[in-house]
Amino acid sequence: MHHPLPEDIDALADIGCWAIDRLTCRSETLPPREPTTALPEFTADGIGTAGAWSLLRDVILPSALPTDHSRYLAFVGGAPTVASVLADMAISAAAVYAGSALEGGAVVDAERAALRWLADVVGLPVSAHGTFVSGGSLANLSALVAARHDRTGPDSSVPSIIIAGATAHASVHSAAMIMGCQLVVAGSPDRPLTADDVRRALDPLDRDQVVAVVACAGATNTGAIDRLDEIAQLCATSGVWLHVDAAYGGAAMLSASARDKFRGIEFADSVTIDPHKWLFTPFDCAAVLYRDPERARSAHRQSAHYLDPANVENADNPADYAVHLTRRARGIPLWASLVANGTAAYCDAVERCLEIATYAAKQIEECDVLELVTEPELSVILFRRVGWAPQDYSNWSSHAVRTGLGLITPTKFKDETVLRMCFVNPLTQASDVDLIMDSLSQATIGVPRLPRTGSQRDE
Ligand SMILES: Cc1ncc(COP(=O)(O)O)c(C=O)c1O
């Protein structure tokens, strides 16, 4: 099982060739293929490594939707660079434990360098640090746990209220639930959170009860950025921890044209930013950054006698800054991609996504049967097909994926079902957008209805 047989060596070699083909032809992988055979039962003797690889290659992986397809525009996709995939494959083969400096060696240094770069992008001070976790959800939870620990009073009174904007990601709701906290929702889902919204939520509360204010730098549904500057000022004067969720949007700080929208994020106590979304690493890789990492460490470091050798004083253990212990070196793909491609390539790739979003918005404006619902603030676009009911959007979306056009899914905005496209893949071209626009303007599927005008709400 642990010694490669000759056929295992062939399978390992084939993986390299397969990965090359896959990365060369990323956009030839839709529609997904229904599995042609049932998955085998586990047996006492197994089918061998080569057999398992054939099933993965021929049956299991082709049935999944690749998020780096140039017309995968649903949710928040991810298009890993070649260097990041290579590093990700190497990490598994190297069997690295990346929870402690004791074992991680230069892996920890490389992850620290990648975190430093992210902290610089955000504008956090040189003292800032953090760790890479599996996703924005765990990053948000880890930051809020650190905030609560920091706010726990000398009499051990534990704060239990989190304030977040109405556009906050679902993971903030789930973090509050996991922590047994009350979530006070401020503002409106139709617009970014303002300092006045936060003030209204804060005023009736005892400050000692407040864990943190969570602001969003790039709402998942719309791309909207909360008024970070004024919220940061309010949090500073009120002595409240500010966590900024920039899981999706943070990458746009690399764009000279978008950077100004994030003014104020540099004052946050903690920030979530996900390289697996718009910074081109494989899943899973999300960073949680702290202005003062010591405060996070005192919340998160796990203690046990068997860990004492790793927990020596001043050890900078990646495990110490989040809700985890054993961890994959998931920051290494970001490090490898940055060192391989250079930071300028990152700025260009993010800019490219913003440009293609602007192009798509323009095409929608010029099309008789499509209407823009929100101007793209970052790279998310919401739009309607005139005359369509919710079922029509679902029908078209299923049809689009079945026929290999792409994955473009509906959402709701102001109670109306609309279409949403999120551009985080620099491989997406104007021609991809044109194909989608053509399909939408010519679509005859769905229930024919009289055209509706304006932002008519769903019944
Ligand atoms: C703003 C925001 N926060 C948090 C998350 C959760 O991140 P993950 O899915 O990596 O856990 C997302 C995911 O889309 C997001 O857009």
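Both ligands and their constituent atoms are indexed starting at 1 by order of listing.
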**Asked** Should the heavy atoms of other residues, nucleotides or ligands under 6.0 Å from CH2 of Trp241 be counted, would the total exceed 12?
**Response** yes
**Message:** Tell me which pairs pass ring pair (Phe, Tyr, Trp, His ring centres under 6.0 Å) where either residue lies in residues 73-130, with sequence neighbours left out.
**Reply:** Trp117-Tyr346, His129-Tyr321
**Request:** If a pair satisfies salt bridge (Lys or Arg N to Asp or Glu O under 4.0 Å) and one of its residues is in residues 105-115, list it, with sequence neighbours excluded.
**Result:** Asp109-Arg112, Glu111-Arg327, Arg112-Asp316
**Prompt:** So, Ser337 versus Asn341: side-chain donor-acceptor pair below 3.5 Å or not?
**Reply:** yes
Are there any protein N or O atoms under 3.5 Å from the N or O atoms of ligand 1? List them with distances, or say none.
residue	atom	partner	partner atom	Å
ligand 1	3 (N)	Asp245	OD1	3.2
ligand 1	3 (N)	Asp245	OD2	2.7
ligand 1	7 (O)	Gly136	N	3.3
ligand 1	7 (O)	Lys277	NZ	3.0
ligand 1	10 (O)	Gly136	N	2.8
ligand 1	10 (O)	Asp274	OD2	3.3
ligand 1	10 (O)	His276	NE2	3.0
ligand 1	10 (O)	Lys277	NZ	3.0
ligand 1	11 (O)	Gly136	N	3.2
ligand 1	11 (O)	Ser137	N	2.8
ligand 1	11 (O)	Ser137	OG	2.6
ligand 1	16 (O)	Thr220	OG1	2.7

**Item:** Gap separating the CG atom of Asp196 from the CG atom of Leu234, nearest 0.5 angstrom
**Value:** 9.0 Å
**Request:** Would you list the pairs meeting salt bridge (Lys or Arg N to Asp or Glu O under 4.0 Å) in which at least one residue belongs to residues 118-147, sequence neighbours left out?
**Result:** Arg116-Asp120
